[in-house]
Amino acid sequence: MQSADDTHAKQPRVLIPEAKLQQRVSELAQEIMHDYKGREIIAICILKGSFIFFSDMIRKLDLPVVCEFLGVSNYGNRAVSSGEVKITLDINEPLENKHVIVFEDIIDSGLTLSYIMSTLRARKPASIKSCALLLKTENLKTNIDADYLGFKIAKEFVIGYGIDFNGRYRGLPHIGYIEHDH
Ligand code: IMP
Ligand code: MG
């Protein structure tokens, strides 16, 4: 019988190596600095999966940045998004008249980020944009588009660089995937 521990014992394959991630993070930070020159931004980290991407990004942003954290969970630990999102930790800062950028790890169906963006839009920011590390192009169910995007990937289940499988693998410095037996 297969358990989560058997899966964990498998060495994940590298999909995006560390150097390529770091290079892209620098490029995204440059784009954001160019677009937001002279303005303060409220950078919102979507917990938990974005915490490493977020911490790398904000250290590269030479702008006044206020960091906020929004905890969301898709119900359960399913690999397929239900589209039902629960806010587990809300931000403290009012967003009214602020320039907001939301940092998300992955857009898969797009339902999570759509829900987050419409929830935050209701708080009347001066502007709001999204920055996603990964976009799975094959599963999109909404017309959501990240304003800043790291990489487009196939529908492979990925882990590492903050992203988990049942809470594991977040500490890997690269984006990997676990090969399944067919
Ligand atoms: P969506 O609502 O279908 O766009 O799903 C987005 C959320 O599902 C992401 O924020 C992740 O938390 C999770 N997710 C989607 N694909 C993966 C994956 O390949 N690995 C780990 N988590 C994933
Ligand atoms: Mg997530």
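First listed ligand is number 1; within each ligand, the first listed atom is number 1.
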Inset, instruction - Go through ligand 1 atom by atom and flag the ones less than 4.0 Å from a non-hydrogen atom of Gly110. - result: 1 (P), 3 (O), 4 (O)

Legend entry - Val158 near ligand 1 by a heavy-atom separation under 4.0 Å: yes

Inset, instruction - Kindly confirm or rule out an N or O of Ile163 lying under 3.5 angstrom from an N or O of ligand 1. - result: no

Inset, instruction - Please indicate whether Lys129 has more than 12 foreign heavy atoms, meaning atoms of other residues, nucleotides or ligands, lying under 6.0 Å from its NZ. - result: yes

Legend entry - Any Lys136 heavy atom less than 4.0 Å to ligand 1: yes

Inset, instruction - Would you please indicate yes or no on a ring centroid separation below 6.0 angstrom for Phe157 and Tyr177? - result: no

Inset, instruction - Tell me, please: is Gly49 in heavy-atom contact with ligand 1, that is, under 4.0 Å? - result: no

Legend entry - Proximal candidate to atom 10 (O) of ligand 1 [heavy atom criterion; set Ile144, Asp105, Ile153, Val85]: Asp105

Inset, instruction - Examine ligand 1 and decide if any of its atoms is less than 4.0 Å from a heavy atom belonging to Asp164. - result: yes

Legend entry - Tyr148-Asp35 side chain donor-acceptor pair, cut-off 3.5 Å: yes

Legend entry - Sub-4.0 Å atoms of ligand 1 with respect to non-hydrogen atoms of Ser109: 1 (P), 2 (O), 3 (O), 4 (O)

Inset, instruction - Would you indicate whether the side-chain heavy atoms of Leu134 and Ile163 approach each other to under 4.5 Å? - result: yes

Inset, instruction - Give the numbers and elements of all ligand 1 atoms closer than 4.0 Å to a heavy atom of Glu104. - result: 10 (O)

Inset, instruction - Check whether any N or O atom of Phe157, backbone or side chain, sits under 3.5 Å from an N or O atom of ligand 1, and answer yes or no. - result: no

Legend entry - Contact check, side chains of Met117 and Ser114, non-hydrogen atoms, under 4.5 Å: no

Inset, instruction - Using side chain to side chain contact (heavy atoms under 4.5 Å, CB included) as the criterion, list what pairs up with Thr137, not counting sequence neighbours. - result: Leu135, Lys152

Inset, instruction - Find out whether Val66 and Ile41 are in side-chain contact, i.e. whether some heavy atom of one side chain is under 4.5 Å from a heavy atom of the other. - result: no

Legend entry - Whether Leu113 lies under 4.0 Å from ligand 1, heavy atom: no

Inset, instruction - For residues Ala43 and Phe103, report the shortest heavy-atom separation together with the two atoms involved. - result: CB-CE1, 3.7 Å

